[in-house]
Amino acid sequence: MNQDLRENYSYLLEDELLVEIEKHSLLKNYDCGDEIIRQGQYIKSIPLLIEGTIKVSRKDELDDEIMLYYIEEGETCAISMNCCLGNSKSQILARAETPTKLLMIPVEYMDEWMAKFKSWREFVLSSFQTRLNEAIYTIDSLVFLKMEERLMQYLRDKTKIVHDTAINITHQEIAKDFHTSRVVISRLLKKLEIEGDVKLHRNSIEVISL
DNA sequence: ACATTAAGTGATT
DNA sequence: AATCACTTAATGT
């Protein structure tokens with residue numbers, strides 16, 4: 001029946017389950033740029049990607065989109081599963097990045113399959129895990145950029161106080177001020193040094209770009 | 001020379 | 001980002 005399904009999922013999901021999926025899912029095709037899931041919409045089936053790439057994003061109060069992540073072949077959308085399970089509105093917007101082929105699985109089967117098929121349970125769980133990890137990573141990097149700016153500001157302020165471009169301070173002491181670990185500060189400072197904003201010495205930091 | 005403390009790094013969560 | 005574990009560099013005794 002469905003060659004594509006087998007190609008992408010046979011190593012992940014057991015045969016019996018694949019048959020079930022074939023029986024109950026609906027094959028859909030999208031062209032580049034097509035909206036698959038709109039923000040605020042209720043989701044009644046979860047997508048299983050067969051071919052193509054989907055960009056998942058979120059719109060803020062204004063109109064600009066914030067890209068959350070991509071879904072590629074052999075993956076599913078953890079957020080849409082979450083919406084299904086909670087029967088809540090979609091918080092996200094999914095758009096086909098390339099021509100896309102996917103299977104829509106009606107929500108009703110989620111529960112049944114979760115109980116019946118170990119492979120399905122693992123697949124769903126690992127999807128959640130992967131997604132969550134990526135989300136954490138994304139958030140961290142945003143905070144990280146803020147930290148770098150804060151650190152630079154902090155150093156500049158210090159030079160004003162000391163009336164010197166060289167500040168006598170250890171990474172550990174800075175870490176305390178920032179409520180973070182010494183390792184994090186060391187890494188940030190190292191980066192600033194590579195970027196040429198600062199010169200590092202033992203027990204002191206020289207601020208280059210004031 | 002040896003010990004102590006500061007700083008750098010990679011891997012993991 | 002945080003933490004661990006470990007290495008390397010600088011300094012003091």
Side-chain angles (χ1 to χ4, degrees), chain A residues 9 11-13 46 48-49 53-62 64-86 91-94 110 114 117-210:
Chain A
Y9 292 97
Y11 63 100
L12 270 174
L13 308 172
I46 63 160
L48 219 53
L49 241 197
T53 309
I54 295 174
K55 185 165 103 172
V56 177
S57 52
R58 187 172 162 64
K59 273 186 183 165
D60 65 2
E61 309 80 64
L62 307 169
D64 26 29
E65 284 180 25
I66 298 165
M67 203 274 277
L68 296 175
Y69 55 80
Y70 285 96
I71 305 173
E72 284 168 311
E73 299 183 19
E75 295 181 336
T76 186
C77 178
I79 290 185
S80 62
M81 286 197 278
N82 184 38
C83 289
C84 286
L85 266 36
Q91 294 295 107
I92 52 95
L93 171 76
M110 286 287 288
M114 281 286 265
F117 301 108
K118 197 176 117 206
S119 63
W120 180 253
R121 205 163 49 239
E122 280 167 359
F123 177 64
V124 170
L125 252 36
S126 83
S127 297
F128 274 117
Q129 208 215 359
T130 307
R131 224 71 272 173
L132 201 55
N133 280 342
E134 273 184 38
I136 287 168
Y137 183 80
T138 304
I139 292 167
D140 280 351
S141 63
L142 289 176
V143 175
F144 177 75
L145 288 177
K146 276 187 203 155
M147 277 280 276
E148 191 174 327
E149 284 168 22
R150 272 213 295 155
L151 181 56
M152 202 56 221
Q153 190 57 53
Y154 172 92
L155 294 172
R156 290 192 179 111
D157 288 348
K158 286 273 181 190
T159 61
K160 283 173 198 155
I161 295 164
V162 189
H163 296 106
D164 192 347
T165 58
I167 306 158
N168 275 73
I169 197 166
T170 67
H171 297 185
Q172 182 61 70
E173 285 167 329
I174 298 173
K176 216 177 73 200
D177 283 351
F178 279 74
H179 296 105
T180 184
S181 64
R182 188 226 96 218
V183 188
V184 171
I185 296 299
S186 291
R187 291 200 159 115
L188 286 170
L189 286 170
K190 192 73 205 168
K191 195 176 174 195
L192 288 173
E193 184 177 43
I194 291 166
E195 287 164 0
D197 295 325
V198 111
K199 187 103 174 73
L200 301 178
H201 309 282
R202 181 176 234 248
N203 289 313
S204 74
I205 299 166
E206 195 181 328
V207 181
I208 308 288
S209 68
L210 287 166

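A, B, ... follow the sequence lines: proteins, then strands. Residue 1 opens every chain. As the structure is a computational prediction, the values presented were derived from the model and not from experiment.
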In whole angstroms, the gap separating C1' of C:dA9 from NZ of A:K190 amounts to 12 Å
Which part of the nucleic acid, if any, lies within contact of A:L189, taking any heavy atom under 4.0 Å across all strands shown: a base, the sugar-phosphate backbone alone, or nothing? nothing
For residues A:Q153 and A:D157, determine if any side-chain heavy atom of one lies less than 4.5 Å from a side-chain heavy atom of the other. yes
Categorize A:S181 for me: base, sugar-phosphate, or nothing, with a 4.0 angstrom heavy-atom threshold over every strand shown. base
Would a distance-only check, ignoring hydrogens and angles, find a side-chain to backbone donor-acceptor pair under 3.5 Å from A:R156 to A:V207? no
Integer-rounded Å distance: B:dA6 P and A:I174 CD1: 13 Å
Residue mapping more 5' on DNA chain C - nearest nucleotide basis, A:L188 or A:R182: A:L188
Distance test, side-chain N/O of A:H201 to OP1/OP2 of B:dA6, below 4.0 Å: no
Reported CG-to-CG distance for the pair A:L192 and A:L151, which is rounded to 0.5 angstrom: 5.5 Å
If the test is side chain to side chain contact (heavy atoms under 4.5 Å, CB included), which one of A:L49, A:L48, A:I71 qualifies with A:T76? A:L48
Starting at atom CD1 of A:I185, determine the distance to atom P of B:dT9, rounded to an integer number of angstrom. 16 Å
Any donor and acceptor pair, going by atom type alone, linking the side chain of A:R58 with main-chain N or O of A:I92 inside 3.5 Å? no
Once you round it to whole Å, what is the distance between P of B:dG8 and NZ of A:K191? 16 Å
Could you give the CD-to-C1' distance, from A:Q172 to B:dA7, as a whole number of Å? 11 Å
Is any side-chain heavy atom of A:V184 closer than 4.5 Å to a side-chain heavy atom of A:M147? yes
To the nearest Å, give me how far apart NZ (A:K176) and C1' (C:dA2) are. 19 Å
Can A:K176 and A:E173 be counted as an ion pair, charged N to O under 4.0 angstrom? no
Strictly under 3.5 Å: I want the nitrogen or oxygen pairs between protein and nucleotides 10-13 of chain C, one per line.
residue: C:dA10; atom: O4'; partner: A:R202; partner atom: NE; Å: 3.3
residue: C:dA10; atom: N3; partner: A:R202; partner atom: NH2; Å: 3.4

A:K199 has an atom NZ; how far is it from atom P of B:dA7, in whole Å? 14 Å
What nucleotide among B:dG8, C:dA2, B:dA6 has an atom nearest to a side-chain atom of A:T170? B:dA6
Length of the NE2-C1' vector between A:H171 and B:dT5, whole Å: 13 Å
